[in-house]
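Each remark here refers to the structure printed beneath this line.
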Amino acid sequence: MKKDSRAQITRKESWREYFLLSLESPAIAQDAQPGQFLMVRASVDTHPLLRRPFSIFSAEGKSVEIFFQKVGLGTRLLSEKQEGDTIDIIGPLGTGFTVEKEIKGKHSALIGGGRGIAPLYFLSQKLKAHGGTARVFYGGKSVEDLPVRERFEKSGTTLSCATEDGSFGTRGLITEAFEAELNNGFTVSRIYACGPELMLKKIAEITAALNIPAELSLESVMGCGFGACWGCVKRIRKGQEPGWHKICEEGPVLKAEDIIWELGNNE
Amino acid sequence: MKKDSRAQITRKESWREYFLLSLESPAIAQDAQPGQFLMVRASVDTHPLLRRPFSIFSAEGKSVEIFFQKVGLGTRLLSEKQEGDTIDIIGPLGTGFTVEKEIKGKHSALIGGGRGIAPLYFLSQKLKAHGGTARVFYGGKSVEDLPVRERFEKSGTTLSCATEDGSFGTRGLITEAFEAELNNGFTVSRIYACGPELMLKKIAEITAALNIPAELSLESVMGCGFGACWGCVKRIRKGQEPGWHKICEEGPVLKAEDIIWELGNNE
Amino acid sequence: MSDLSVNIGSLRLKNPVLAASGTFGYGMEFTPFMDLNELGGFVVKGLYFSPREGNPPPRLVETASGLINAIGLQGIGVKRFCEEILPQLRAYQTALIVNVCGENEEEYASVVEYLNSHEGIAAYELNISCPNVEKGGMCPALKPDSTYSVVKLVRSVSSRPLITKLSPNVSDIVEIALSAQEAGSDAVSLVNTFLAMAVDVDTKQPKLANVFGGLSGPAIKPIALRMVFQVASQINIPVIGIGGIMSGEDALEYLICGAKAVEVGTSNFIDPETCLTVVQDLEQYCQTHGISRIEDIIGTLDVKQ
Amino acid sequence: MSDLSVNIGSLRLKNPVLAASGTFGYGMEFTPFMDLNELGGFVVKGLYFSPREGNPPPRLVETASGLINAIGLQGIGVKRFCEEILPQLRAYQTALIVNVCGENEEEYASVVEYLNSHEGIAAYELNISCPNVEKGGMCPALKPDSTYSVVKLVRSVSSRPLITKLSPNVSDIVEIALSAQEAGSDAVSLVNTFLAMAVDVDTKQPKLANVFGGLSGPAIKPIALRMVFQVASQINIPVIGIGGIMSGEDALEYLICGAKAVEVGTSNFIDPETCLTVVQDLEQYCQTHGISRIEDIIGTLDVKQ
Ligand SMILES: Cc1cc2nc3c(=O)[nH]c(=O)nc-3n(C[C@H](O)[C@H](O)[C@H](O)COP(=O)(O)OP(=O)(O)OC[C@H]3O[C@@H](n4cnc5c(N)ncnc54)[C@H](O)[C@@H]3O)c2cc1C
Ligand SMILES: Cc1cc2nc3c(=O)[nH]c(=O)nc-3n(C[C@H](O)[C@H](O)[C@H](O)COP(=O)(O)OP(=O)(O)OC[C@H]3O[C@@H](n4cnc5c(N)ncnc54)[C@H](O)[C@@H]3O)c2cc1C
Ligand SMILES: Cc1cc2nc3c(=O)[nH]c(=O)nc-3n(C[C@H](O)[C@H](O)[C@H](O)COP(=O)(O)O)c2cc1C
Ligand SMILES: Cc1cc2nc3c(=O)[nH]c(=O)nc-3n(C[C@H](O)[C@H](O)[C@H](O)COP(=O)(O)O)c2cc1C
Ligand code: FES
Ligand code: FES
């Protein structure tokens, strides 16, 4: 975990409300693991006050990428940054996806909804590097919400898309597309997912029924990102004890069975 | 007085910490008089909270110009705006310089210190339009503090410069250069000035002694710029009554003899 | 079109958006920016009986998302107000509220008595909470008994609805609101500014000539909103919410917490059209959420048990 | 090199910059960002006798230049702290201060008694001002008598310097500070957070599960600074200034107003190196202004008469 107050934006891509920034930050790039995140400072002086968390989209050589959707003031300010500007980041943070040695030769499904696709590209690369195969399920409201699908295609990853309005891929939710594949005999030994809570809960149900190990990346309001504020807790099991645990340390990636889906917690 | 929340920046010039922006805002340009000012919104959401006051550097056709120095957060944010961006302005505000009919054929001295040069270009144009002649005294710490001298030169205005470090024009304060000229027999029927308070106070002393009418443009912390907050007061005479009067309405340009130079007021 | 009108006791407002005292001049300053008739109403700058000089400058200092002011209630006094300003304001069909000040209880009463005989005023807002006048920020609104006493007196002489404006610089604002209610106030408005200061570290001097001033603006909204919620849950008279309102969303937070109306302050300086934007935002919200009367959302905060 | 050391009663700090309780974890969280030895000291997260669950999420909401938190003092309790954390912290040569909590006076006393017998603690900060535990924000620091009573009891059992942490949610913070002084507190620290709230206008629900939370950050600095100035002018024991400090300039405002030291809170989340930057800024300021001892600027506010 390092602070880099002058990470330079070396490349910026944008699609309507989605943005992909490449940041030069060798020390952070070197340590990064899929599923980990950065805390990015987007404020002008004192407002908005807190850093914003973003998953690491990729880490290679001296660079890390982040992929984000413009939803409020912080992401708007970040979207206005230009190539050559520097930004202040802390990372890599949190506990990412586990990729065990036994993944070799095994098949994984990676399911991303909307901006939830962010951590899955990096993961897909790592799975391949470890000799596993990955199929990515990528869903959104409309074709415009699937901007990074070409990155997956270019890297040779099998990609299945779904849009709610049917403008690309199958029509409907990505979880429906995934379930349909399972019913068609598609088998996987491991599932990884990131996206809206309702999507994650649905995946938890599906995988629990089928007894497939699943890891889910959660979101939470984060005050610091490195364990100091106790602001990001959700009710999860850690060992035997269910309790309010810090998502920035125990997560953001958790085993599906460790998440307690209860009102005011994860819904 | 109008609010234009989408005045477009059609041209931007910059020199180190100085900036000149051309803003397309027909209604404001049309009403503007030399010595009046704009209130410009430079904030991101709620911070910094208040608008910032800037003299009108010029007004022609559909455009007004402002010329400013980067000194803090507001001017920094403004300096980061690009051509094509829009900004939110209110104007024209306040009471500007008086240019009476009798100015015809008469000689005026315009004295500007640092960013205080801002309102004097517009004034010099108006004086000429009314058949007067204007000589501009422009001072700063160093040659880099005199970025808009070419604008005056191009318009054929006689310009005398002074810098404290002697890097351009005479060495010393602009008030010293002006006094030297007076001692050399230079005669004027009217003086207009804008700049640091100490400079203005000095000019008030010189002109009082010589009995030359002088108008000075003051600065003050402004909450609104249009008479609603009572924040911008200074001790001045209005008719017979000395009292706390609003600089955004009675000023920013005041007759030298109406300004009461007392501690905690104008120093 | 939804019905945006609300009642503050016997005072009917065409919409719940008022401009706050001291931030809207005497009203006329805003005519270049809006038709005053579209406002729920506006509260003019605080008036003492006699004209007042106010504090020396600097009177303003900006802080993070906030503004500290120490104007010190400079003003023209009640007589000149009635002679010079009031006749112009009578032309408008909106609630004109006068913010009443006093150095002691008698002065509050004489301001109100003087105004009683003048037409065109909808209500009085009793400013017992200005922190900028006495050094150290003393004012009647800091104590239940001094609140009770001045409200009681003014209520007895007032021929118009009386809104008591409360100070946030207290341990228990509900207790003060209850005193105002008991003394016969028709409504309470809150909050006035928070006693505050700032220092220039190079000169080591206070940034305000008056040392202390009152903090306003978005910075204070979360505290002011909490106070409005607490007061609205505990008293029976209407509450007007004030503090950091810049948008319809801000105003809605107050209404949902129980305010029957809101006042927009500092934001008038930044965007002189704020009050109208807020009215439009409220109209829009009602449309989107299928609300036919704005009164239906007042006090609807959904607190889980 | 200027002398940045200050004395808080018998407690000597190598510089006047402390990290505030609840914003610096148990200290170890910040070792990736700094050498803890360079701090004046740090205050660990509030400890009750037993472990505590804290409040359900959402626990945080951002406001204009501010943060509202309702963590609810989740923590590991004093025993696990002494077993698991304290041994690691003993390695550092900086003042370790423990923030002491209690549901009643007896609990405060038992936390202190338990800690007394453990090495490596420089002082106790008595947290009688947390607004997040009881609904409505009740706590001993709201009243002079409850302040006096708990400080008196804890002082009688404490073997270490005692700093009483005050609440800003009061009418007269000087009165509370005087009670703490009279009860034997060695110093006071102020302020804790301001009771506040925020509402989601679409769901009409409070943005915090706990409804209320405590506001911190730059938004509150002008009010906190005023309180520190008032208290420091009226009491004899040292004052520690807290609220919205993000830079050396902010810290200097507090020192000039009479604080002997400062605590940096929320800013630790945003820039985990803040405390060190503040120390460096102070050093720089002393150099520029030819000040050989930082103590020489404490309480030097130049107020004109
Ligand atoms: C571990 C983690 C990883 C994330 N990775 C990504 C990513 O790779 N790409 C991406 O686009 N987004 C990601 N997010 C979400 C992202 O942090 C928020 O969208 C962002 O902080 C919003 O900031 P803002 O100022 O633009 O919006 P705000 O104005 O703060 O809020 C706008 C809306 O977003 C919601 N929101 C704000 N903060 C959060 C948050 N921390 N979690 C969930 N909702 C929030 C608000 O409630 C509000 O409805 C991640 C969040 C977490 C916790
Ligand atoms: C009528 C009027 C006309 C002006 N015209 C011009 C102009 O044409 N060009 C130009 O460059 N500047 C002009 N100024 C000054 C300009 O408004 C300030 O420099 C600007 O507001 C600073 O904003 P900031 O956020 O960058 O600085 P801040 O961070 O707010 O302050 C930086 C420094 O500037 C000082 N300062 C801030 N506001 C003012 C103010 N209103 N008056 C004086 N000092 C201030 C502060 O005390 C501080 O020392 C004018 C001021 C007035 C009142
Ligand atoms: C410059 C200024 C002057 C004010 N003058 C008065 C006044 O005369 N009477 C009064 O009751 N309140 C006065 N106030 C307080 C406001 O009416 C309002 O209560 C406060 O500013 C909080 O609202 P805001 O955050 O929207 O500004 C003044 C506030 C400001 C900023
Ligand atoms: C997330 C959070 C947790 C806090 N926990 C505690 C605590 O346990 N004990 C305490 O005395 N103060 C606690 N505080 C208050 C801070 O120590 C400090 O008094 C307050 O935040 C004001 O300072 P700031 O504006 O620099 O944050 C907490 C503040 C925050 C933001
Ligand atoms: S975000 Fe601060 S502890 Fe997790
Ligand atoms: S700036 Fe507001 S009255 Fe002059």
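Naming convention: chains lettered A, B, ... in sequence-line order (proteins, then strands); numbering from 1 in each chain.
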- line: Rounding to 0.5 Å, atoms OG (D:Ser292) and CG (D:Leu4) come to a distance of 11.0 Å
- request: Find the distance between OG (D:Ser179) and CD1 (D:Ile235) and round it off to the nearest 0.5 Å.
  value: 10.5 Å
Using a 4.5 angstrom heavy-atom cutoff, name the option from [options] with the most pairs to chain D.
options: C:Cys257, C:Pro206, C:Gly217, C:Pro218; result: C:Pro206
options: C:Ile220, C:Asp202, C:Val61; result: C:Asp202
options: C:Lys204, C:Gln205, C:Arg226; result: C:Arg226
options: C:Ser65, C:Pro222, C:Ala219; result: C:Pro222

task: Scan D:Val150, D:Ile128, D:Val151 and name whichever one has a side-chain contact (heavy atoms from CB on, under 4.5 Å) with D:Glu105.
output: D:Val150
Taking side chain as everything from C-beta outward and backbone as N, CA, C, O, which of these in [X] sits under 4.5 Å from a heavy atom of chain D? Side chain, backbone, both or neither.
X: C:Ile223; result: both
X: C:Leu215; result: side chain
X: C:Thr63; result: side chain

task: Indicate the atoms forming the closest heavy-atom contact of C:Ser167 with C:Cys139, along with that distance.
output: CB-SG, 4.5 Å
Counting only non-hydrogen atoms closer than 4.5 Å, does [X] touch chain C with its backbone (N, CA, C, O), its side chain (CB onward), both, or neither?
X: D:Tyr254; result: neither
X: D:Leu225; result: both
X: D:Ile297; result: side chain
X: D:Ile68; result: side chain

- prompt: Please walk me through it: do D:Val278 and D:Met246 pass side-chain contact (heavy atoms from CB on, under 4.5 Å)?
  reply: CA-CA 8 Å; D:Val278 171; D:Met246 297 192 79; over 6 Å; no
task: Determine the interplanar angle of the C:Phe194 and D:Phe194 rings, folded into 0 to 90°, and report it as parallel if under 30°, tilted if 30 to 60°, perpendicular if over 60°.
output: perpendicular
